[in-house]
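What follows is a short report on a single structure.
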Amino acid sequence: MAKTEIVVVGAGYSGIAAAKMLSKKLKKNSDMHITLIDRHSYQTMMTELHEVAGGRVEPEAIQYDLQRLFCKRKNVSVVTDSVVNVDKENKVVKTERGSYSFDYLVLAMGGEPNDFGTPGVKEHGFTLWSMDNAIKIHDHIEKTVTLAAMEPDAEKRKAMLNFVVCGSGFTGIEMVGELIDWKEVLAKKNKLDPSEINLMVVEAAPTILNMLDRNDAGKAEKYLLKKGVTILKDTPIVEVAEDHIVLKSGEKIPTHTLIWTAGVKANSDTEEFKMESARAARLVANEFMQAKGYEDKNIYVIGDLVYFEEKENMATPQIVQAAEQTGHCAAKNILADINGTEKVAYKGKYDGFMVSIGSKYAVACVFDKIHMSGFFAMAMKHIINLRYFFDIRSGYYAFQYIMHEFFRIGDQRNIMRGHSSRNSNVLWSVPLRVFYGSVWLVEAMKKIVGNGKLMQPGTWFGEGSWFTDNVAFPFPWLQQAADATSGASEAAATTDVATAVADPAFGLSYAYGEEPMTVFKTMPKWFSNIMEFMMPNQDVALFMQKFMTIFEVLLALAIIAGLFTWLANATTIVLVVMFCLSGMFYWVNIWFLFVAFALMNGSGRAFGLDKWVMPWIQRTFGKWWYGDVKSQYGDNA
């Protein structure tokens, strides 16, 4: 029996959303197969392109390999190819290197910049709608600033250092925000005064950020002006030349860099499909996301490509929330058709908008009523981005996002002002690592040796050792059992000795003559309940104290050798906390916690086994889990 073929064209936000939902819902149906086609082998996080263009992160920070996203989805095949046409009657997608028959087709090819026919934009302007665009802008700006620094002609130098962004939507404002941050770095690198680099936003409308609440947009505008950005409103650009732009008023502004973010239209490749289109060449769909005129062919249109009027003369917005929701709508209706259930009409629900202006400032409106700006708005943007990885079930890229945005970023360009991304040589932590591991080893060996002699193994495991039949844990329910066995007189003698000792004194370092104070004098009731559940009797306790001793030896050796140092030190933190709660740990040794945190910085990578073990594990596990990551996928790749 032939499988039902679902073809999704385009691996943007909407295409990924549709493919993920279909794959999940159909994973138990072996008669269904999904083919995801895109010209790239990766998804680009389009909302973060400005970070690459502005030199904040490397391209790989916002590229998500499609095989890694669908590695365990056996009902999905990823194909790297460009679609050239769709045979709607015979239900075949034609690509540059092959063809794919379909029972259901989802077109998610996205959009592209709309220059509205403005002369010179294609020849002399830069757009920001793909990874190639972002890299091109980045390289051009770096080269232009370098050449300008050595340009003797003052007028030409000024033009070269004048950077203009056309359009004040999210993309344009986020792009100029990155330039605000980057210009300080560029100026220092090229021995320039940052004030020589001029940033400008040119907008044809009378206001900026028109999708935002006016108060939020006002905060953004105020911040831009504070940072020295020139904002020209109600000022259309009518021509772009190599070294200047022309405004509608006739004024010429000298610049060698015009970044065009003024509009979006449907992907021009879809013109070959000969399907009904509307404003900005977007393909018209009904409320179920079915392409108008081809409902019987099971062709769906989603994302920036679709034109569906949610209200009169108000089409679905070209934003990430709408892209994902149209993708989910199409997937639900394909599933409804397969299962013979009723289709679901699209109803957009947009929980708010936010725009970042550089790495440290943002404005946001969440759930249409919570307005934020500054640090909290920027934090919310990171939370929303991390939620996206949760939605697509990619822990790998969630981790990579955190590393790129918080820890691996340079020039203090993150929300933490660089405090979380300071790089240092872990070589200097090696002596501390060896010492800390040795402390744990000495303490563990004391539990093995007991009252014996360290250099005479034959005396180990005797009196005072944790390997005898005496319970070492000072837990009341275990000690009561021990007292019942050994006799009350022995307990009384112990009590007499205890009362003769001086009262414990608080201190973070040992003072001669003082009895150190434990962190907790008695166990909290909740922790006592947990311990009693884990060690209800002496037999279990005797096993646990032997096991814990061996475990501490192995843990100490791992830290000394620099093996799994992050995990080993995190484990010591857990142990110290447990010892504290058990009443078995002193304030004078609380430094254990802080040393463990310090050694979680990758200290095993210098003169430690982690230098070789961790890369090997990452390669081996990555290949087992994700397979061989390639630049192109598919039978024809």
Side-chain angles (χ1 to χ4, degrees), residues 49-50 53-54 111-130 132-148 151 153-180 182-183 186 196-211 221 224-225 228-268 271 279-282 304 318:
L49 278 173
H50 57 276
E112 61 185 44
N114 190 350
D115 61 16
F116 304 103
T118 305
V121 173
K122 286 186 173 65
E123 296 81 4
H124 306 298
F126 296 87
T127 55
L128 186 57
W129 201 255
S130 69
D132 290 341
N133 291 163
I135 294 172
K136 189 176 180 181
I137 290 172
H138 173 271
D139 293 347
H140 167 79
I141 291 175
E142 274 202 321
K143 181 180 178 181
T144 301
V145 174
T146 300
L147 292 175
E151 175 57 53
D153 186 295
E155 289 301 316
K156 187 174 181 181
R157 177 190 179 99
K158 182 178 179 180
M160 294 173 75
L161 294 176
N162 194 26
F163 297 95
V164 181
V165 175
C166 177
S168 67
F170 291 170
T171 303
I173 296 303
E174 292 189 323
M175 183 67 243
V176 80
E178 290 303 322
L179 295 179
I180 290 171
W182 197 22
K183 79 171 187 176
L186 289 169
E196 291 186 74
I197 300 176
N198 182 51
L199 307 178
M200 180 180 293
V201 174
V202 181
E203 170 57 54
T207 54
I208 71 169
L209 291 170
N210 292 306
M211 289 191 72
E221 185 171 355
L224 289 168
L225 294 173
V229 178
T230 302
I231 302 176
L232 301 181
K233 294 178 283 189
D234 206 7
T235 308
I237 294 175
V238 296
E239 185 181 346
V240 179
E242 184 178 4
D243 59 358
H244 67 274
I245 58 173
V246 182
L247 306 180
K248 188 176 182 180
S249 62
E251 179 186 356
K252 292 183 180 180
I253 297 178
T255 181
H256 289 223
T257 308
L258 182 280
I259 302 173
W260 186 274
T261 67
V264 182
K265 64 179 181 180
N267 191 314
S268 58
E271 293 175 3
R279 189 165 60 247
R282 296 165 69 181
D304 288 348
Q318 292 168 298

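For Cys166 against Leu258, the heavy-atom pair with the smallest separation is CB-CD2, 4.1 Å. For the pair Leu247 and Ile237, the tightest heavy-atom approach, listed with the atom from each and the gap, is CD2-CG1, 4.0 Å. Closest heavy-atom contact between His140 and Thr257: NE2-OG1, 2.8 Å. When all heavy atoms of Asn133 and Thr127 are compared, the closest pair comes out as CB-O, 3.0 Å. Residues Leu179 and Ile141 approach most closely at CD2-CD1, 3.7 Å, considering heavy atoms.
The 12-atom threshold is not exceeded at CD of Glu242, counting heavy atoms of other residues, nucleotides or ligands nearer than 6.0 Å.
Looking at Thr235, its side chain never comes within 3.5 Å of a backbone N or O of Glu203 through a donor-acceptor pair. Judged purely by atom type and a 3.5 angstrom limit, Thr255 uses its side chain to pair as donor or acceptor with the backbone of Asn162. In this structure, Trp260 contributes its side chain and Asn114 its backbone to a donor-acceptor pair below 3.5 Å. Side chain of Thr207 to main chain of Asn210: no donor-acceptor pair is present (N/O by atom type, distance under 3.5 Å, no hydrogens or angles). Side chain of Glu112 to main chain of Ser268: a donor-acceptor pair is present (N/O by atom type, distance under 3.5 Å, no hydrogens or angles).
Contact annotation: the side chain of Ile253 approaches that of Leu232 to within less than 4.5 Å [non-hydrogen atoms, C-beta and beyond].
Gln318 pairs by the side chain to side chain contact (heavy atoms under 4.5 Å, CB included) definition with Val264, Arg282, Asp304, not counting sequence neighbours. With sequence neighbours excluded, no residue forms a ring pair (Phe, Tyr, Trp, His ring centres under 6.0 Å) with Phe170.
Between His50 and Trp182, the ring center distance fails the sub-6.0 Å criterion.
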